[in-house]
Protein chains: 2
Amino acid sequence: MISELSSLDATFDQQLSQLLAFESDTGEQVEQTVKQILHAVRTDGDAAVLRFTAQFDQLSVSTMAELEVSSDRLLTAFEELDVEQRDALLLAAERVRAYHERQLQASWQYQESDGTVLGQQITAMERVGIYVPGGKAVYPSSVLMNAIPAKVAGVDEIIMVVPAPKGEINPLVLAAAHIAGVDRVFTVGGAQAVAALAYGTATIPKVDKIVGPGNIFVATAKRAVFGAVAIDMIAGPSEILVICDGQTDPDWIAMDLFSQAEHDELAQAILISPDAAFLKAVKASIARLLPTLERHAIAAKSLRGRGALILVESLEQAMALCNRIAPEHLELSVDEPERWLPSIRHAGAIFMGRYTAEALGDYCAGPNHVLPTSGTARFSSPLGVYDFQKRSSLIYCSPQGASELGRCASVLARGESLEAHARSAEYRIIEK
Amino acid sequence: MISELSSLDATFDQQLSQLLAFESDTGEQVEQTVKQILHAVRTDGDAAVLRFTAQFDQLSVSTMAELEVSSDRLLTAFEELDVEQRDALLLAAERVRAYHERQLQASWQYQESDGTVLGQQITAMERVGIYVPGGKAVYPSSVLMNAIPAKVAGVDEIIMVVPAPKGEINPLVLAAAHIAGVDRVFTVGGAQAVAALAYGTATIPKVDKIVGPGNIFVATAKRAVFGAVAIDMIAGPSEILVICDGQTDPDWIAMDLFSQAEHDELAQAILISPDAAFLKAVKASIARLLPTLERHAIAAKSLRGRGALILVESLEQAMALCNRIAPEHLELSVDEPERWLPSIRHAGAIFMGRYTAEALGDYCAGPNHVLPTSGTARFSSPLGVYDFQKRSSLIYCSPQGASELGRCASVLARGESLEAHARSAEYRIIEK
């Protein structure tokens, strides 16, 4: 049902490596298909977008205008929400906005004694593209999580693309786009949507950055256009690591594990505890509750294939394992969770205490739910306002400062055999 | 010698687009070679590294230990520097460190009225790899610019790789590694060095991020390993845009343009001014000074192929053009340059006033010289401390907060058909 590991086991290290191993292998076939789509959209623009949309989404229209969703339609979708959903989306948006406003960075400058000024100027990107998956997995929360940070950063225009297979599109997604302040929406998906955003077509404007999750074609296309535009990280399956001291209701922990496992058969849910009896209790909860889930087939497969209950000797050891795993989501279901923060080096988001279910963070706590997966928390961060801002260095030398720095630059430039650099600096040296 | 454009020209827009057009095309051949090298190093580790180093760098050794440069050798290189170079490198390092310390980000938290705490915890990456080109282009300044921000960020270990063709390695580069606090140095280059850093071998440790410039094989390898590790942007040829009001010495401006053009035949140097007579004077300076350059052949080819003198109607128009170009380096060689800062949306680094030659920033002003090229300043930033730090979201709900958020999350989760998410949140709702 779910693997059970113990850190005391002689082969634990190897078992853990095996548990964590995950490789997304893009087949040669996918790469070639994506390459062709990118090339076609780059060359033929709108015509190619129309062609691929008919081919892949069974959505045949004759003009690009038919693929744009008007702002009126977004508003209508919002107005037609039932009250409970509308209030929940509005509350979530408000809290996400409030949190992300704290991430805004400010320009700064400082002056040195000779009058030279150094600094950093912060500006926002002009135009950002957001990819929203269509079809089965419909996530209005993702629209909020991707669009609001860009809006807070000061991005001028947000373009959303979302496939509408056979013309079907979820009204919750359109309502979320309205709430988040998305400027334009196109019902285009797949590699063709990424290509349109990266290169621009007559209808779909070229953006500076593309964010948002997608299938293997979308991910491969994003990797291919990286450099021409910025992209966010390419996400793997979602995962959670719960560390529990054994004092939380086992049913709660079981459900927290399910909330990850129900996403995807490849999703990963791991519980670590120093309390063997507690692990047993959680296992019993899993056995009892799993059949009651709507998505029990997916959750069961995820737990069986990638889940684990891990017995450790201490919470200290649990934290060390956490840093090795670098989980996307970390639940610290323990007393005084703040005491452990300094031990946590790698985690996308840290859910502290017994009350902070990951699901709260997925929707409405405020922090972003777009988080680094598959151990990439070692080197990446949650999506944030900083992903839509950028920096320009400022250097303003006083005549005196330029003269001093000129001597230094001249020596170093000549050491690198860059004579024009040296002479350019030397012009600014004040001869004594 | 150098193109002359006027914004009044009917075809100016088209001419400018042509001037800026640059596409780095990685041939299929290069991609296949890199793929094979990556696979070989991933599979055979050190043995493959030794094999490729013998093949590509004509450096045949039998053990990996022979490819590691000891810290003693770095120290010796530093001690053997002539005094002038040593002082210049030390001053540059000190100034780069002081500037980058201002970029350090701090963790933050805030508490809501119901006791819920939200925040962001900042941590440093553990291990970073720095690629340093060997052979002809030897840039100790790049070692400083790449290593110091990582060090300031708090990275535990910095691994430098630098090819040593036929065993030759520039002592300035080793001295700079000593000054910057690089922890280990391997004389390995090319795609095999990138592979070793990305996957790890028995000898070369796996890193979290790879930064630093390299040839087409290095760039292609970085793109391929992106995701397994973080990488910096893939750099194109260097460029400068000088905007001048016509009041700077034309020889100074000519030399500033040369300091970019001498880098590379593909480097781009553009001057924009509203003063036609000044553009003429700079053209005369170029004609007079170009033959006096050590690297005149390269500079001449760069100016002829990619350089331009552009006449505009006003400085306002010059700033608008700057935002279209999004230059790596922008020199504002004008009175009161600070007045124009709010108009500059896209530029990697802004060199303000007549005294601030770009060369000063390349070496020792303090800001980083690793800057976004080819218009990528639209969406990226200079290399900085923030490139080696990452963020974890913090969410710590009070029982009351969890209850309120639980209601909201429950509604949204059910709207997304994620029932286990909803139930996990609902467990935390306090029934009234």
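Labels below follow one simple rule: chain letters A, B, ... track the order of the sequence lines, proteins then strands, and each chain is numbered from 1. If you're wondering where the values come from, they're calculated on a predicted model, not measured in any experiment.
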Ignoring hydrogens and angles, tell me if any N or O in the side chain of [X] forms a donor-acceptor pair with the backbone of [Y] under 3.5 Å.
X	Y	answer
S381(B)	R391(A)	yes
Y99(A)	G119(B)	yes
R354(A)	P399(B)	no

Top residue by heavy-atom pair count (under 4.5 Å) with chain B, among [options]?
options	answer
A425(A), A92(A), P337(A)	P337(A)
A347(A), A299(A), G366(A)	A347(A)
R414(A), K209(A), E112(A), M233(A)	E112(A)
D156(A), T376(A), L289(A), L371(A)	D156(A)
A413(A), G227(A), G353(A), G361(A)	A413(A)

Quick one about [Y] and [X] (side-chain donor to acceptor, distance below 3.5 Å, no hydrogens or angles considered), yes or no?
X	Y	answer
H346(A)	E126(B)	yes
E416(B)	S141(A)	yes
R423(A)	T292(B)	yes

Handout entry: Ring centre gap for Y386(B) and Y386(A) strictly below 6.0 Å
Key =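 Not under 6.0 Å, so no.
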
Practice task
Can you label the angle between the W252(B) ring and the Y427(A) ring as parallel, tilted or perpendicular, going by 30° and 60°?
Solution key: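 Taking Y427(A) first and then W252(B), their aromatic rings lie parallel (interplane angle under 30°).
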
Handout entry: Interatomic distance, E419(A) atom CD to L293(B) atom CG [nearest 0.5 angstrom]
Key =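 Output value for this atom pair is 5.5 Å.
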
Practice task
Please assess I395(A) against L360(B) for the test side chain to side chain contact (heavy atoms under 4.5 Å, CB included), listing each intermediate value before the final yes or no.
Solution key: CA-CA 9 Å; I395(A) 311 176; L360(B) 305 182; 5.8 Å; no

Handout entry: Test: R102(A) cationic atom under 6.0 Å from Y110(B) six-membered ring centre, within 45° of axis
Key =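 Output yes; distance and angle both within limits.
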
Handout entry: Flag side-chain contact, heavy atom, 4.5 Å: E426(B) against M255(A)
Key =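 The answer is no; the side chains never approach within 4.5 Å.
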
Problem - E262(A) side chain reached by H421(B) side chain, heavy atoms, under 4.5 Å - result: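 Answer yes - side chains close enough.
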
Practice task
Could you tell me which portion of D256(B) (side chain, backbone, both or neither) has an atom closer than 4.5 angstrom to a non-hydrogen atom of chain A?
Solution key: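 Both backbone and side chain.
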
